[in-house]
Q: 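Okay, here's the structure, questions in a sec.
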Amino acid sequence: MIHVADPLVTLAACLAPAFEAVAGRAGIDPVVRPSDRADAQANGALALAKELGKSPREVADAVLVQAKQLTGVCSSIEVAGSGFLNIVFDNAFLGDELAKVAADERLGVSTASRSRTVIVDYSAPNVAKEMHVGHLRSTVIGDALVRLLEFVGHRVIRENHIGDWGTPFGMLIEHLVDLGEDEAADHLSLGDLDGFYKEARAKFDASDEFKERARARVVALQSGDGETRRLWRLLVQLSTEYFNLVYSLLGVRLTDDDIMGESAYNDGLSSVLERLGKLGLLAESDGAEVVFPPGYTNRDGDPLPLIVQKGQGGFNYATSDLACVIDRIERIGADLLLYVVGAPQAQHLSMVFDVARMAGWLNEPAEAVHVAFGSVLGSDRKMLKSRSGETPKLVELLEEAVARAGDAVAEKNPELPEGDKAVIARMLGIGAVKYADLSTDRIRDYVFDWERMLSFDGNTAPYLQYAHARICSIFRRAGVDRASLRSVTPTIVEAQEKALALAVLGFDSVVADTIEKYSPHRLCTYLYDLATAFTAFYEHCPVLKADDAVRESRLALCDLTARVMERGLGLLGIDAPEQM
RNA sequence: GCGCUCGUAGCUCAAUGGAUAGAGCAUUUGACUACGGAUCAAAAGGUUAGGGGUUCGAGUCCCUUCGAGCGCGCCA
């Protein structure tokens, strides 16, 4: 495998010995950062000055004297300001690095030093309930993380923890019985899941007789009654068929094989209780079996319990979540559990993880991480609502995105064949929605705005897709085989070429950084910067009009940019059409 | 009441403890019969909510006040 490092990483490795020689000890970080005054800067001298009892500039000067092995990597290195080292990369070095990336299927992205078995728990819609924007965030962020983690070589297991169990299923099954199976199937296959749920709920609230039947049905379901189980499976099946339609429209990789609903852990629930009991972690509180993880208090300042068995004897979601941890670690052998779940559940998950650690189920190096995200807001900065005041259905939102993108494509590029138009509209519309969701720090709430996300200007999917399509158009005009450009060593001359080269070479680092923080927005920001660097290059550096050698070099840069853009968008789950 | 998260330009958002806090919208000005104008350049716009502290250096770390959102025993 060809390993190509980010020039900043190479530089840091080259500078470290010089810093260590000056410091007289190992383990010095040169603190290499991007710079707006040079290609890079090393700030390590400032931190070292106090330790050595010298001024930062003296230290920087000393490092400079030691740093002779930088020839071939840098063309200039100088001390500036209060002790910064400003570094300019050698153009030939950058060209060689680009050639390595061009020859690499992975575009220079290295695989993880330690491959882990990662569970990504995401999407998690509820059976017989509509998918809404909350599921959008979990699904889109989770899907991007899956793609990123797989790309760097982890064993990734997708788990869709659907809500397919619990007391509501009594009323849902009784409602299904009332309607008749065929009628209910029609109802649900139309995607009117909320209607079905609401009708059941209304009957439950209005009729004592229905309420009684629903309760009896829950008991029958939990005791494994055959006919009840069959009806339950029918409900689950109708719902998952509907989910699959949404996933397909959305272009995420979840399938029925990834479903691990709450019901899947039923058999492990009593064992959770038993094991906690044996460990002496259980306490009895108001008739319930609970665990008190330290550090949590309720309104009255009393210790807050995690309830693992209700006063009535039933289990709840905490029990199921613990069974789930056990399953993932003991059966699957996972060492990283990612929960792509909304921020409001932070305390619950934190308590579950703490209890799992207390019980010894979740030990180093295995870890569980809550990949939390904020809410989707309307322009009023309140939870997004449709005009009628309801939570918008996810499918309708996606369909509107595709329709709006279709209008834009029809307007901007009327010559496209109808069939292509529909395909491209879907890529643009879905891409826009996903990118809007992924491009801001996930922990914050974000404002949903059709016009902004579908704009061809600014940090949006259509802008990035356009940058990519524009490059593809250059190749059509040039009539070159893109693959033939991949053995070319680009010649870096102009400042815009160099800026683009540095952007391309930074792909490896940004992928690693994105994964380390579980923050897809870092990759988004990078791709936007790449597109910006490309347009500056494209503006200043003629490609097709240039002389042969320069033309080939610039075409190679174009090819690399397009490949990084397409791969980067692909890691986010976003398509990059060649025309739009 | 306690806890968690957030607070950055008019708006929407960036910014591994590093120099002068960056983009995009919107605003103003300019370039060019255009290698896809779905373009580019420039200007203007900031007490990083307030106050203290740590540090050579703080939007970033700590404390505190204010504001917003969310959570806090048998729903998931």
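Fair warning: this is a prediction, and the values are worked out from it, not measured in the lab. Quick note: numbers below take in every heavy atom, side chains included, and nothing from hydrogens, waters or symmetry partners. Within every chain, numbering begins at 1; the chains are lettered A, B, ... in the order of the sequence lines, protein sequences first and strands thereafter.
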Q: Is A/Ala343 touching bases, backbone alone, or none of the nucleic acid, heavy atoms closer than 4.0 Å?
A: nothing
Q: Any donor-acceptor pair under 3.5 Å linking the side-chain atoms of A/Tyr197 with those of A/Asn126?
A: no
Q: Salt bridge check, A/Lys517 against A/Asp513: does any charged N sit closer than 4.0 Å to a carboxylate O?
A: yes
Q: Classify the nucleic acid contact of A/Leu46 as base, sugar-phosphate or nothing, counting any heavy atom under 4.0 Å across all strands shown.
A: base
Q: With respect to A/Leu15, which candidate in A/Thr10, A/Asp29, A/Ile87 satisfies the side chain to side chain contact (heavy atoms under 4.5 Å, CB included) definition?
A: A/Ile87
Q: Ignoring hydrogens and geometry beyond distance, is the side chain of A/Tyr466 in donor-acceptor contact with the base of B/A38 at under 3.5 Å?
A: no
Q: Is the ring pair A/Tyr446/A/Phe448 parallel, tilted or perpendicular, if the boundaries are 30 and 60 degrees?
A: tilted
Q: Over how many whole Å does the gap from A/Asp445 atom CG to B/G71 atom P extend?
A: 12 Å
Q: Without hydrogens or angle criteria, can the side chains of A/Tyr122 and A/Asn160 be said to hold a donor-acceptor pair below 3.5 Å?
A: no
Q: Thinking salt bridges, do A/Asp205 and A/Arg201 make one under a 4.0 Å N-O criterion?
A: yes
Q: Would you classify A/Gln312 as touching base, sugar-phosphate or nothing, given that sugar-phosphate means primed atoms plus P, OP1 and OP2, and contacts are heavy atoms under 4.0 Å?
A: nothing
Q: Given B/C72, B/A15, B/A19, identify the nucleotide with an atom nearest to the side chain of A/His521.
A: B/A15
Q: Does a side-chain N or O from A/Arg522 land closer than 4.0 Å to OP1 or OP2 of B/U16, or not?
A: yes
Q: Tell me whether the OP1 or OP2 atom of B/C75 has a side-chain N or O from A/Lys310 closer than 4.0 Å.
A: yes
Q: Looking at A/Phe475, is A/Arg470 sitting on its ring face, NZ or CZ under 6.0 Å from the six-membered ring centre and within 45 degrees of the normal?
A: no
Q: Would you say A/Arg33 places a side-chain N or O within less than 4.0 Å of OP1 or OP2 belonging to B/U16?
A: no
Q: For A/Pro344, report the nucleic acid contact type (base, sugar-phosphate, nothing); a contact means any heavy atom under 4.0 Å.
A: sugar-phosphate
Q: What form does the base of B/G73 take, syn (within 90° of 0) or anti?
A: syn
Q: Could you state the CD-C1' distance from A/Gln41 to B/G17, rounded to the nearest angstrom?
A: 13 Å
Q: Any base atoms under 4.0 Å from A/Val543, or only sugar-phosphate, or nothing? Heavy atoms, all strands.
A: base
Q: A/Arg381 near the nucleic acid: base, sugar-phosphate alone, or nothing, with a heavy-atom cut-off under 4.0 Å?
A: sugar-phosphate
Q: Measure the distance between the ring centre of A/Phe456 and the centre of the six-membered base ring of B/A38, then answer whether it is under 5.5 Å with planes under 30°.
A: no
Q: Just to confirm, is there a sub-4.0 Å distance from OP1 or OP2 of B/A38 to any side-chain nitrogen or oxygen of A/Lys412?
A: no
Q: What contact category does A/Glu451 fall into here, base, sugar-phosphate, or nothing, at under 4.0 angstrom with non-hydrogen atoms?
A: nothing
Q: Under 4.0 Å, heavy atoms only, any strand: does A/Tyr296 hit a base, just the sugar-phosphate, or nothing?
A: nothing
Q: Return yes if a side-chain donor-acceptor contact under 3.5 Å exists between A/Tyr435 and A/Asn459, otherwise no.
A: yes
Q: If you look at every strand shown and take non-hydrogen atoms under 4.0 Å, does A/Ser473 touch a base, only sugar-phosphate, or nothing?
A: base
Q: Using a cutoff of under 3.5 Å, can you pull out all pairs of nitrogen or oxygen atoms linking the protein to nucleotides 22-29 of chain B, with atom names and distances?
A:
unit_1	atom_1	unit_2	atom_2	d
B/A23	O2'	A/Tyr528	OH	3.4

Q: Which base sits across from B/C25 as a Watson-Crick or G-U pair, both distances under 3.5 Å?
A: B/G10
Q: Quick one: label A/Asn86 by what it contacts on the DNA or RNA (base, sugar-phosphate, nothing), any heavy atom closer than 4.0 Å.
A: base
Q: Atom OH of A/Tyr317 to atom C1' of B/C72: distance rounded to whole Å?
A: 10 Å
Q: Categorize A/Ala124 for me: base, sugar-phosphate, or nothing, with a 4.0 angstrom heavy-atom threshold over every strand shown.
A: nothing
Q: Identify whether any heavy atom of A/Glu58 sits under 4.0 Å from a base atom; if not, whether one sits that close to sugar-phosphate; answer base, sugar-phosphate or nothing.
A: nothing
Q: Stacking here means centres under 5.5 Å and planes under 30°; does A/Tyr538 stack on B/C35?
A: yes
Q: Look at the side-chain N and O atoms of A/Arg444 and state whether any lies under 4.0 Å from the OP1 or OP2 oxygen of B/A14.
A: yes
Q: Tell me which one of A/His370, A/Arg328, A/Glu159 satisfies side chain to side chain contact (heavy atoms under 4.5 Å, CB included) with A/Leu337.
A: A/Arg328
